[in-house]
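Below is one structure, written out as structure tokens; the observations come after it.
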Amino acid sequence: MTQTRDPKRKIFLIATEESGDRLGSALMKVLRQRLGDGVQFVGVGGRTMAREGLETLFPIEELSIVGFAAVIQQLPKILRLIRQTADAVLEAAPDALVIIDSPDFTHRVARRVRATNPAIPVVDYVSPSVWAWRPGRARAMLGYVDHVLGLLPFEPAEYRKLGGPPCSYVGHPLIEQLPSLRPNAEEQKRRDAEPPVLLVLPGSRRSEIRHHLDVFGATLGRLQAAGRAFELMLPTMPHLEATIREGVANWPVKPQIVVGETEKRAAFRIAHAALAKSGTVTLELALAGIPMVTAYRVSAIEAFILRRAVKVSSVILANLVIGKEVIPEFLQEDCTPEKLAPALSEVLTDSPLRRQQVEAFAQLDTIMSTGNKPPSVLAADIVLATIRKGRR
């Protein structure tokens with residue numbers, strides 16, 4: 001018996017960062033499995049989406065702009081690329097537009113498309129942080145998004161509460177990567193051995209590294225001076241290696257710098273504890289079962305804005321997913337060696353703080369479960385269902 005396929009579908013995808021490019025690639029792969037030659041992909045993406053057959057309108061590196069001043073300088077270019085992308089969507093008249101993360105860019109494109117051609121369904125893959133700041137965005141999204149694919153299990157309830165578009169939890173890509181984060185028997189022996197391996201993770205952007213390196217170095221020096229033994233490892237990416245090496249040159253404790261995603265995951269599998277910048281890495285560490293202390297520093301003006309905008313009790317992603325504040329966070333003026341060192345000493349030893357984190361992290365598999373379907377499959381299911389449903 002032959003399987004009937006949908007007529008040829010055209011899907012326009014927009015991803016402007018590497019993380020979105022990886023999500024887009026996985027989604028394209030499943031859609032291709034479902035639709036075979038009956039699908040055409042157009043849009044904006046990076047190298048991994050290109051390998052799945054996407055010809056990008058422009059290199060996503062054109063949008064790798066960091067910092068408020070840089071955005072102001074590049075604003076005419078950004079606005080031009082938004083217009084160019086929206087025009088390309090309208091000309092393609094796809095069966096669906098899938099916008100992936102990067103809401104400052106992708107949502108502006110989606111609004112332009114909806115205003116001109118309301119018949120094109122729009123799926124938003126990765127919710128903006130409406131639960132943390134600017135919650136009014138959720139209701140505004142009703143006007144130009146048909147379905148949100150959430151990476152975090154609490155997001156559908158937040159969209160219902162805020163009056164936003166339908167939102168489905170499809171799962172975080174990290175849950176497909178657990179074997180690379182968790183130790184085998186030999187690695188577990190090293191994780192439990194002396195001296196403990198301590199990870200230090202100052203950030204993945206140069207501005208974050210600049211804000212955190214000095215205070216992290218001083219914290220580790222204070223920890224060593226107090227007689228605490230540890231083996232220090234600092235994972236980073238190739239494009240940041242020179243910045244990191246220069247930044248740690250004067251640290252009182254010299255870290256072993258490991259470069260690349262594979263080496264980073266190997267370090268995670270033997271790590272006993274971590275000092276980390278707040279962000280997605282806290283969820284990565286929690287899924288790996290590594291107790292941690294978190295910190296975050298920004299410029300004075302950014303701190304002023306964030307204090308008035310952020311609506312959640314914790315900025316630690318792992319705390320929000322677990323539903324309890326088990327990971328200590330030291331933000332802005334609290335991000336000091338005097339405060340970080342004692343907390344870090346606690347998670348390096350068999351303390352109540354360490355045990356509380358280990359017990360909470362053990363619940364994450366259940367909390368973040370998607371059943372027996374990986375996130376990319378659940379995402380593809382909803383994209384195809386949205387296409388079949390169409391715009392009313």
Side-chain angles (χ1 to χ4, degrees), residues 181 190-191 194-205 207-237 240 243-245 247-259 263-298 314-319 325-351 353-358 360-361:
L181 288 168
R190 180 62 193 96
R191 182 178 275 197
E194 295 291 339
V197 173
L198 174 62
L199 295 182
V200 59
L201 298 146
S204 58
R205 293 188 172 99
S207 59
E208 294 172 340
I209 292 166
R210 188 175 66 250
H211 285 302
H212 297 118
L213 271 190
D214 286 349
V215 69
F216 282 13
T219 297
L220 297 161
R222 182 175 284 256
L223 201 62
Q224 186 183 61
R228 180 69 60 205
F230 53 88
E231 179 184 330
L232 190 62
M233 299 183 80
L234 195 164
T236 191
M237 292 295 127
L240 297 170
T243 302
I244 290 290
R245 290 196 183 278
V248 304
N250 295 320
W251 275 17
V253 189
K254 295 297 183 280
Q256 178 188 345
I257 297 170
V258 296
V259 182
E263 293 300 315
K264 171 188 154 184
R265 294 298 174 90
F268 271 48
R269 295 194 298 272
I270 61 171
H272 190 74
L275 170 60
K277 181 231 69 167
S278 170
T280 304
V281 74
T282 65
L283 188 57
E284 200 170 3
L285 289 164
L287 285 165
I290 304 169
M292 75 195 86
V293 171
T294 61
Y296 200 62
R297 267 189 178 178
V298 291
S314 173
V315 300
I316 307 302
L317 188 55
N319 281 346
E325 293 181 26
V326 297
I327 301 164
E329 51 193 317
F330 296 88
L331 312 178
Q332 212 57 13
E333 62 272 3
D334 289 328
C335 179
T336 64
E338 293 78 13
K339 292 189 176 183
L340 288 168
L344 200 51
S345 183
E346 278 194 77
V347 296
L348 277 166
T349 57
D350 186 24
S351 65
L353 176 61
R354 180 180 177 85
R355 288 195 297 271
Q356 182 187 30
Q357 288 193 31
V358 169
F361 298 166

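Keep in mind that this is a model prediction, so the values were computed, not measured.
Applying the salt bridge (charged side-chain N to carboxylate O under 4.0 Å, His left out) test to residues at least two apart or on different chains, the pairs with a partner in residues 270-283 are Glu208-Lys277.
From Arg245, atom CZ reaches atom CG of Leu240 across 12.5 Å, with rounding to the nearest 0.5 Å. To the nearest 0.5 Å, atom CD1 of residue Ile244 and atom CE of residue Met237 are 10.5 Å apart.
Residues satisfying the side chain to side chain contact (heavy atoms under 4.5 Å, CB included) test with Ala273, not counting sequence neighbours, are Leu198, Val347, Leu348, Arg354. For Arg210, there are no side-chain hydrogen bond (donor to acceptor under 3.5 Å, both in side chains) partners, not counting sequence neighbours. Taking Arg269 as the reference, Glu187 meet the salt bridge (Lys or Arg N to Asp or Glu O under 4.0 Å) condition, with sequence neighbours excluded. A search for side-chain hydrogen bond (donor to acceptor under 3.5 Å, both in side chains) contacts involving Asn250 returns nothing, not counting sequence neighbours. Contacts of Lys264 classified as salt bridge (Lys or Arg N to Asp or Glu O under 4.0 Å), with partners at least two apart in sequence or in another chain: Glu261, Glu284. Every residue two or more places apart in sequence or in another chain was checked for a salt bridge (Lys or Arg N to Asp or Glu O under 4.0 Å) with Glu346, and none qualifies. Applying the ring-ring contact (aromatic ring centres under 6.0 Å, His included) test to Phe268 and every residue at least two apart in sequence or in another chain returns nothing. Applying the side chain to side chain contact (heavy atoms under 4.5 Å, CB included) criterion to Glu263, with sequence neighbours excluded, gives Val258. Arg228 pairs by the salt bridge (Lys or Arg N to Asp or Glu O under 4.0 Å) definition with nothing, not counting sequence neighbours. For Ala218, the side chain to side chain contact (heavy atoms under 4.5 Å, CB included) partners at least two apart in sequence or on another chain are Pro337. Glu194 is linked by a side chain to side chain contact (heavy atoms under 4.5 Å, CB included) to Pro196, counting only residues two or more places apart in sequence or in another chain.
Side chains of Leu232 and Leu234 form no contact here, defined as non-hydrogen atoms less than 4.5 Å apart. In this structure, Leu201 and Leu275 have side chains that are not in contact, with every pair of non-hydrogen atoms separated by 4.5 Å or more.
Nearest approach of Cys335 to Leu340, heavy atoms of both residues: SG-CD1, 4.3 Å.
In this structure a side-chain-to-backbone donor-acceptor pair under 3.5 Å is missing from Thr282 to Ser278. Side chain of Trp251 to backbone of Leu213: a donor-acceptor contact under 3.5 angstrom is found. Put simply, the side chain of His272 gets close to the backbone of Arg191: a donor and an acceptor are under 3.5 Å apart.
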